[in-house]
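What you see below is based on every heavy atom in this structure, not just the backbone, and it leaves out hydrogens, waters and symmetry mates.
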Amino acid sequence: MIRACLFTLLWGFLLVGCNLSRATSATDATPVGKSSLRLEALQQQATPLTVPSEDKPTQPPPDPKPDFCPQALPEMARRIQAEVRVDFAAREAEVSQVITYHNLEAAPLHTLILDVQANQWEGSFALLSLRVNGESAEYQLELNRLDIQLATALQPGCWLELALTFQLRPSAIREGLRAYRGFFGHSPRQLNLSHFLPTVAARLSGEWRIHQPSGIGEQIVYAQADWRVHITAINASESLQLAAPGLVTRLGTGQWLVELPASRDFAISLSEEFTLVEREVAPGLTVAVYHFADAQVYAGGSSLDSISHLMAEAGKALELFAGAFGAYPYERFVIVQGDFPDGMEFTGLVFVGSAWFYGYDGGPKNYLTLIAVHEIAHQWWYARVGSDSALNPWLDEALATYSEYLYIEAFYPAERNWWWSFRVAGFFPQGKVDSAVYEFTSSRAYINAIYLRGVQMLQNLRDDIGDAAFMRLLGQYSQAAAGKIVDPAYFWSLLPAEAQPLTQSTRAEFLRQPDLAGQ
């Protein structure tokens with residue numbers, strides 16, 4: 001249990017958090033990556049430690065009251081700082097977290113809703129305390145939704161601080177549908193913590209946007225936030241490694257500071273068996289792959305270097321998508337071998353399932369290549385351009401899947417027909433692309449309609465308006481919607497007026513609501 005005295009110490013750490021890296025000696029603090037995106041702004045926002053002068057009275061001054069209505073608002077409405085203490089042997093964690101939230105709307109807020117994904121799993125999350133601006137608050141926690149009643153309305157332009165302490169007990173990664181959520185779980189050699197820090201739910205058109213969890217697809221709707229997380233691991237060997245995105249500073253054995261600005265989420269993985277391979281794939285951009293020994297596969301009596309292949313293909317995909325959709329915003333990109341099926345995207349970090357490494361055959365025509373490229377594409381279609389993955393899942397999944405084809409087309413053009421057969425046609429997909437996740441009773445039907453029929457629709461759209469106009473549409477969409485959460489109407493609004501009649505038959509074939517005026 002987290003005791004009150006520990007919370008006081010952790011609260012003090014969070015208030016002076018940005019001074020921590022400055023106080024650490026150069027021999028102890030080793031930065032992993034050099035991302036400086038808006039980190040200076042984050043450091044300036046940290047509360048400095050005040051040391052009284054000797055000639056002043058020894059009586060301590062009263063605690064200053066924070067100014068919750070500053071004249072100058074920060075760029076990011078959400079800031080998250082956390083102290084995470086991981087017991088690696090027990091596969092558990094204790095967390096002290098502070099969320100700073102600014103009301104950038106025109107009306108006061110009387111309630112605040114947090115998205116607490118970890119609570120959807122029985123026994124995985126235990127909330128120990130919650131305070132708003134230092135005072136207790138009434139709340140109700142049900143599944144992934146935490147409703148907080150504010151004693152005083154949060155006025156426009158003002159901000160508040162939420163302080164939480166809680167325990168995490170992720171479950172073991174097992175067989176079946178639950179295994180696909182292994183990005184919050186553990187295996188004998190790996191602990192994955194993703195979507196584990198509560199965040200303020202997205203606010204769209206004056207309403208909180210949060211959905212009930214479902215076993216099919218994803219239901220996340222996250223606004224971007226600035227994250228600063230201090231991680232301490234105990235009961236682990238010295239070989240323990242942390243896989244994390246953004247700027248990672250090693251503070252000593254089992255201690256790291258992770259800073260990740262403008263991110264929709266925060267994900268880490270820890271293991272005593274990781275092998276880390278890093279390579280600069282483009283000027284100022286490093287790809288880091290955390291893998292296990294069994295990622296090196298053998299076929300025909302020879303070893304197949306899946307890691308070098310993955311590194312090279314990741315570099316090509318990042319360069320391709322940055323040129324087409326806009327620059328990748330960090331100086332590191334992290335790929336983690338995950339002991340769970342398939343893959344999963346997070347900002348600056350993706351998981352690729354171990355099974356895809358085992359199936360590597362020495363070339364690009366395999367799921368190791370395609371799943372990695374797919375998750376990389378989510379750095380644009382999810383992390384950069386946000387959407388409602390429960391109600392409009394095609395906006396990120398169809399675009400990420402079609403980005404696989406753009407990659408094949410650019411680097412392996414002779415395999416274009418293979419991709420369409422292997423990835424799409426062989427599954428005989430059916431269904432309407434603009435369906436919500438709750439309409440499906442199986443993952444296969446969901447994938448067929450959203451991913452596969454989605455790429456068929458995008459290819460038809462490309463045929464309708466031409467290659468140049470199609471790529472211009474995707475680039476404009478990525479640029480205009482960067483940092484936002486948008487819906488299909490926003491995507492279709494970027495279609496030029498002269499192109500709208502050309503796409504009418506495609507929209508009628510794939511969409512239940514093909515009328516652009518009704519989007």
Side-chain angles (χ1 to χ4, degrees), residues 180 216-218 220 313-314 316-318 320-321 324-325 335 341-346 350-353 356 359 364-413 415-437 440 442-463 467 470-471 473-475 477-478 481 486 488 491 506-507 509-511:
Y180 286 86
I216 296 175
E218 298 163 33
I220 300 294
E313 303 311 302
K316 291 191 292 189
L318 285 163
L320 175 68
F321 300 151
F325 311 137
I335 301 174
D342 215 3
M344 186 63 188
E345 74 279 0
F346 299 93
V350 301
F351 288 94
V352 176
W356 304 137
K365 297 167 62 176
N366 49 69
Y367 276 118
L368 176 65
T369 305
L370 297 183
I371 296 302
V373 171
H374 181 100
E375 307 306 346
I376 289 170
H378 276 304
Q379 299 306 300
W380 285 266
W381 317 125
Y382 162 72
R384 179 184 175 93
V385 178
S387 58
D388 190 321
S389 59
L391 302 184
N392 308 305
W394 76 266
L395 276 180
D396 66 325
E397 294 298 357
L399 285 168
T401 309
Y402 193 82
S403 296
E404 297 176 32
Y405 178 64
L406 295 177
Y407 156 86
I408 291 292
E409 190 176 49
F411 300 110
Y412 301 99
E415 309 301 344
R416 288 177 295 180
N417 289 339
W418 165 83
W419 186 88
W420 280 106
S421 176
F422 177 79
R423 195 72 165 107
V424 183
F427 294 98
F428 303 98
Q430 297 180 1
K432 292 299 184 179
V433 174
D434 54 348
S435 301
V437 296
F440 298 96
S442 73
S443 293
R444 185 70 261 169
Y446 162 71
I447 292 171
N448 282 354
I450 304 303
Y451 292 59
L452 307 189
R453 288 278 287 170
V455 299
Q456 290 176 330
M457 179 185 75
L458 291 171
Q459 181 60 44
N460 282 19
L461 181 64
R462 181 178 178 178
D463 293 339
D467 292 353
F470 177 77
M471 293 306 298
L473 172 65
L474 296 188
Y477 175 61
S478 178
V486 296
F491 177 85
T506 292
R507 289 182 278 110
E509 179 181 355
F510 291 94
L511 301 175

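Across Val350 and Glu345, no two heavy atoms sit closer than the pair CG1-CA, 4.0 Å. The two residues Leu452 and Pro429 come nearest to each other via the heavy atoms CB-CB, 3.8 Å. The heavy-atom pair separating Ala449 from Gly431 by the smallest distance is CB-CA, 3.9 Å. Contact record, Leu461 with Leu473: CD2-CD2, 4.0 Å, taken as the closest heavy-atom pair. A pairwise comparison of heavy atoms in Ile450 and Ser435 identifies CD1-O, 3.6 Å as the closest pair. When all heavy atoms are compared, the tightest approach of Trp418 to Pro364 is CH2-O, 4.3 Å.
Using cut-offs of 30° and 60° on the angle between ring planes, the pair Phe440 and Tyr446 is perpendicular. Under the 30°/60° scheme for interplanar angles, the aromatic rings of Phe321 and Phe325 are found to lie parallel.
Between Val486 and Asp388 the shortest side-chain heavy-atom distance does not fall below 4.5 Å. Proximity of Ser478 to Trp381: side-chain heavy atoms (C-beta onward) are separated by under 4.5 Å at one or more points. By the 4.5 Å heavy-atom criterion applied to side chains, Glu218 and Met344 are counted as neighbours. Two residues are said to be in side-chain contact when any heavy atoms from C-beta on lie closer than 4.5 Å; Arg444 and Phe427 meet this criterion. Side chains of Val424 and Tyr451 form no contact here, defined as non-hydrogen atoms less than 4.5 Å apart. When side chains are defined from C-beta on, Met457 counts as touching Leu511, because their heavy atoms get closer than 4.5 Å. With contacts defined as side-chain heavy-atom distances shorter than 4.5 Å, the pair Asp434/Asn392 does not qualify.
Cation-pi geometry between Arg416 and Tyr405 is not met at under 6.0 angstrom from the ring centre and within 45 degrees of the axis.
Side-chain contact, Asn460 with Gln456: no donor N or O sits under 3.5 Å from an acceptor N or O.
Not counting sequence neighbours, Asp342 has no partner by the salt bridge (charged side-chain N to carboxylate O under 4.0 Å, His left out) test. Partners of Phe411 according to the ring-ring contact (aromatic ring centres under 6.0 Å, His included) rule, which considers only residues two or more places apart in sequence or in another chain, are Tyr407.
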Practice item. Go through Tyr477 and Val385 one step at a time and tell me if the side-chain contact (heavy atoms from CB on, under 4.5 Å) criterion holds. Key: CA-CA 8 Å; Tyr477 175 61; Val385 178; 3.6 Å; yes
**Study point:** ring pair (Phe, Tyr, Trp, His ring centres under 6.0 Å) assessment of Trp394 paired with Phe491
**Key:** CA-CA 11 Å; Trp394 76 266; Phe491 177 85; 5.5 Å; yes
Review point. Do Glu415 and Arg423 pass the salt bridge (charged side-chain N to carboxylate O under 4.0 Å, His left out) test, and can you show the C-alpha distance, the side-chain angles, and the key distance before you say yes or no?
Key: CA-CA 12 Å; Glu415 309 301 344; Arg423 195 72 165 107; over 6 Å; no
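Note on Lys365 versus Glu313: no salt bridge recorded, every NZ/NE/NH1/NH2 to OD/OE distance being 4.0 Å or above.
Taking OG from Ser403 and CD from Glu375, the interatomic distance works out to 11.5 Å, rounded to the nearest 0.5 Å. Distance OH/Tyr382 to CG/Asp396: 9.0 Å, rounded to 0.5 Å. One finds the NE2 atom of His374 at 15.0 Å from the OH atom of Tyr402 (value rounded to the nearest 0.5 Å). Between atom CH2 of residue Trp419 and atom CG of residue Leu370 there is a gap of 8.0 Å, rounded to the nearest 0.5 Å. Note: Ile408 CD1 to Glu404 CD = 8.0 Å, rounded to the nearest 0.5 Å. Taken to the nearest 0.5 Å, the OG1 atom of Thr506 stands 13.5 Å off from the CZ atom of Arg462.
Although no hydrogens or angles enter the test, the distance criterion places no donor-acceptor pair under 3.5 Å between the side chain of Arg453 and the main chain of Gln430. For Lys432 (side chain) and Glu509 (main-chain N/O), a donor-acceptor pair under 3.5 Å exists by modelled atom type. Put simply, the side chain of Ser421 never gets that close to the backbone of Asn417: no donor and acceptor are under 3.5 Å apart.
With ring centers used as reference points, Tyr367 lies under 6.0 Å from Phe422.
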